[in-house]
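Everything on this sheet refers to the single structure shown next.
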2 protein chains.
Amino acid sequence: MLGTPSRNRQTERREATRREIVDAAWEVARDEGLAQVTLRAVAERVGMRAPSLYSHFASKHAIYDAMFADAWTECGRAGREAEAKHPPQSLRDAMHLYAATFFDFCVVDLARFQLMNQRTIPGFEPSPESYAPAVAVLDELRDRLATFGVTRLEDIDLYTAIVGGLIDAQLANDPGGDRWRRLLDHAIDMYVDSLNH
Amino acid sequence: MLGTPSRNRQTERREATRREIVDAAWEVARDEGLAQVTLRAVAERVGMRAPSLYSHFASKHAIYDAMFADAWTECGRAGREAEAKHPPQSLRDAMHLYAATFFDFCVVDLARFQLMNQRTIPGFEPSPESYAPAVAVLDELRDRLATFGVTRLEDIDLYTAIVGGLIDAQLANDPGGDRWRRLLDHAIDMYVDSLNH
DNA sequence: GTCTATATACCGATAGAC
DNA sequence: GTCTATCGGTATATAGAC
């Protein structure tokens with residue numbers, strides 16, 4: 001039987017090119033807006049012509065799809081990193097940590113936030129494979145909070161809604177500022193206090 | 001001096017046509033999405049050809065602009081109506097009333113919510129005249145809450161962020177359902193409790 | 001004020017040479 | 001795998017006849 005190494009130079013090169021394309025798409029999204037991510041604009045940044053992208057992605061939505069998975073994978077990584085650096089010792093600690101990490105992660109990149117959390121691109125829906133990292137992040141959060149005794153769906157729903165609302169208000173009404181960021185700790189304390197009933 | 005009546009039949013007819021166009025635009029937005037509001041689609045619904053719309057609006061953004069003012073004017077009306085029907089007797093009453101009214105107003109029309117609260121249309125920014133009704137709604141809210149002793153900017157910011165976060169979560173994750181709507185009263189109670197310190 | 005016709009500028013995607 | 005050339009469609013907006 002011929003060798004079929006899971007990693008050879010060809011597939012590695014192919015993977016690297018896909019990475020380049022997705023990174024270029026992120027650049028366009030950040031610089032010009034998420035809706036301005038066009039095949040022509042992406043291709044130009046990687047030094048290609050637009051049709052060449054079809055050798056690596058089946059469609060434009062496939063690029064958005066890879067970006068979506070990218071963003072949530074990165075979000076999970078950021079969460080685990082923060083966790084390792086400041087292991088939360090209490091429920092309150094944990095609630096503050098995850099909220100602050102997610103807030104700061106979202107707020108530095110409006111386009112990424114829109115892709116992750118809003119349905120701003122007409123017709124785009126993430127594939128199950130790309131949706132998986134998003135589910136994984138929420139599952140991880142649920143598991144972490146469960147170790148501190150918070151398991152009710154409603155409690156977690158309210159938590160995510162509060163954090164999301166503050167992020168949304170920050171990005172919509174004071175982008176680049178901290179008018180709502182300053183309210184985050186107080187909001188989390190208020191929320192944690194309300195759990196102890 | 002010749003009579004220059006502020007209302008004659010010509011200007012009234014003109015205003016009526018503008019209304020028809022904006023209403024048609026709302027229909028398109030609701031049926032096909034906010035981004036799918038094209039001049040062709042709008043014109044078709046009013047029985048015109050696309051270029052004819054330019055007799056009434058200077059550009060497509062001008063239509064969005066009228067819609068934006070429309071939405072916030074309607075929102076203010078809904079608030080005053082709810083208020084008249086159930087005059088709040090306490091701060092807690094008021095907080096519940098405005099939150100529920102705004103939530104239900106937003107959640108019945110995703111396209112309207114996106115236009116009012118998100119920056120989903122590339123390049124569109126409301127004109128000062130159209131932004132005015134939005135400011136008025138927030139001013140009214142601030143005045144009402146002030147009569148109950150709530151005047152700090154941070155308190156109002158947190159209030160709007162919480163309500164907005166719940167609306168956002170509802171529309172994004174359970175459109176048509178009530179998974180986050182059910183959390184609203186509890187969230188408001190939690191928030192009001194936190195004010196009494 | 002509405003129409004037809006058109007200008008201008010894009011877009012995503014495909015065919016086929018190399 | 002990348003290219004050129006192009007298809008077929010979208011869009012906003014303008015010119016000028018009626």
Side-chain angles (χ1 to χ4, degrees), chain A residues 8-29 31-68 111 115 120-127, chain B residues 8-25 27-29 31-68 111 114-115 120-127:
Chain A
N8 58 35
R9 291 173 61 195
Q10 272 192 34
T11 56
E12 270 181 20
R13 187 74 202 92
R14 232 188 117 69
E15 195 56 39
T17 305
R18 276 180 65 100
R19 254 264 66 84
E20 276 182 68
I21 292 170
V22 172
D23 287 343
W26 279 120
E27 275 185 46
V28 176
D31 292 355
E32 306 173 42
L34 194 59
Q36 273 64 39
V37 175
T38 63
L39 296 180
R40 283 165 173 81
V42 173
E44 200 200 8
R45 299 228 185 192
V46 293
M48 281 183 184
R49 302 293 184 164
S52 304
L53 299 178
Y54 284 90
S55 297
H56 302 277
F57 290 93
S59 69
K60 184 190 170 184
H61 275 19
I63 297 180
Y64 278 133
D65 206 50
M67 294 168 78
F68 184 89
L115 182 61
T120 174
I121 301 160
F124 170 68
E125 244 183 319
S127 64
Chain B
N8 58 34
R9 290 173 62 195
Q10 271 191 33
T11 57
E12 270 180 22
R13 188 71 201 94
R14 230 189 120 66
E15 195 55 40
T17 305
R18 277 180 64 99
R19 255 263 64 86
E20 276 183 66
I21 292 169
V22 171
D23 286 344
E27 275 185 45
V28 176
D31 292 355
E32 306 174 39
L34 193 60
Q36 273 66 40
V37 175
T38 63
L39 296 180
R40 281 169 171 78
V42 173
E44 199 200 8
R45 300 227 182 193
V46 292
M48 283 184 184
R49 302 292 185 167
S52 304
L53 300 179
Y54 284 92
S55 297
H56 303 276
F57 291 93
S59 69
K60 184 191 170 183
H61 276 19
I63 298 181
Y64 278 133
D65 206 50
M67 295 169 78
F68 183 89
Q114 290 176 330
L115 182 62
T120 174
I121 299 159
F124 169 67
E125 244 181 323
S127 65

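Order of the sequence lines fixes the chain letters, A, B, ..., with proteins taken first and strands second; residue numbering starts at 1 for each chain.
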### Distance (rounded to the nearest 0.5 Å) between B:F124 CZ and B:K60 NZ
11.0 Å

### Summary
Taking every heavy atom of B:A24 against every heavy atom of B:V46, the minimum-distance pair comes out as CB-CG1, 3.5 Å

## Note on the structure
Bounded by its outermost nucleotides with an atom under 4.0 Å from a heavy atom of chain B, the footprint on DNA chain D reads D:dA11 to D:dT14

### Sequence-distant partners of B:E27, side-chain hydrogen bond (donor to acceptor under 3.5 Å, both in side chains), two or more places apart
B:R45

### Task
Using salt bridge (Lys or Arg N to Asp or Glu O under 4.0 Å) as the criterion, list what pairs up with A:E44, not counting sequence neighbours.
none

### Query
Which residues pass the side chain to side chain contact (heavy atoms under 4.5 Å, CB included) test with B:R19, sequence neighbours left out?
B:V22, B:D23, B:D70

#### Entry: Bend angle of the helix from C:dG1-D:dC18 to C:dC18-D:dG1, end axes from five pairs each (to 10°)
10°

### Message
Between B:F57 and B:D65, does the side-chain contact (heavy atoms from CB on, under 4.5 Å) criterion hold? Intermediate values first, please.
### Response
CA-CA 10 Å; B:F57 291 93; B:D65 206 50; over 6 Å; no

### Query
Base, sugar-phosphate alone, or nothing: which one does B:R14 contact when heavy atoms must sit under 4.0 Å apart?
sugar-phosphate

### Any pair counted as side chain to side chain donor-acceptor pair (under 3.5 Å), so long as it reaches residues 46-57 of chain A, sequence neighbours left out
none

Quick one: which protein N/O atoms are closer than 3.5 Å to N/O atoms of nucleotides 10-13 of chain C? Pair and distance per line, please.
| residue | atom | partner | partner atom | Å |
| --- | --- | --- | --- | --- |
| C:dC11 | OP1 | A:T38 | OG1 | 3.3 |
| C:dG12 | OP1 | A:K60 | NZ | 2.9 |
| C:dG12 | OP2 | A:L39 | N | 3.1 |
| C:dG12 | N7 | A:R40 | NH1 | 3.0 |
| C:dG12 | O6 | A:R40 | NH2 | 3.3 |
| C:dA13 | OP2 | A:Y54 | OH | 2.7 |
| C:dA13 | OP2 | A:K60 | N | 2.9 |
| C:dA13 | O5' | A:Y54 | OH | 2.9 |

#### Entry: Sub-4.5 Å side-chain heavy-atom contact between B:F68 and B:I121
no

### Summary
Residue set satisfying salt bridge (Lys or Arg N to Asp or Glu O under 4.0 Å) with B:E20, at least two apart, ordered chain then number -> B:R13

#### Entry: Any residue meeting side chain to side chain contact (heavy atoms under 4.5 Å, CB included) with B:A25, in chain and number order, not counting sequence neighbours
B:V37, B:V42, B:I63, B:M67

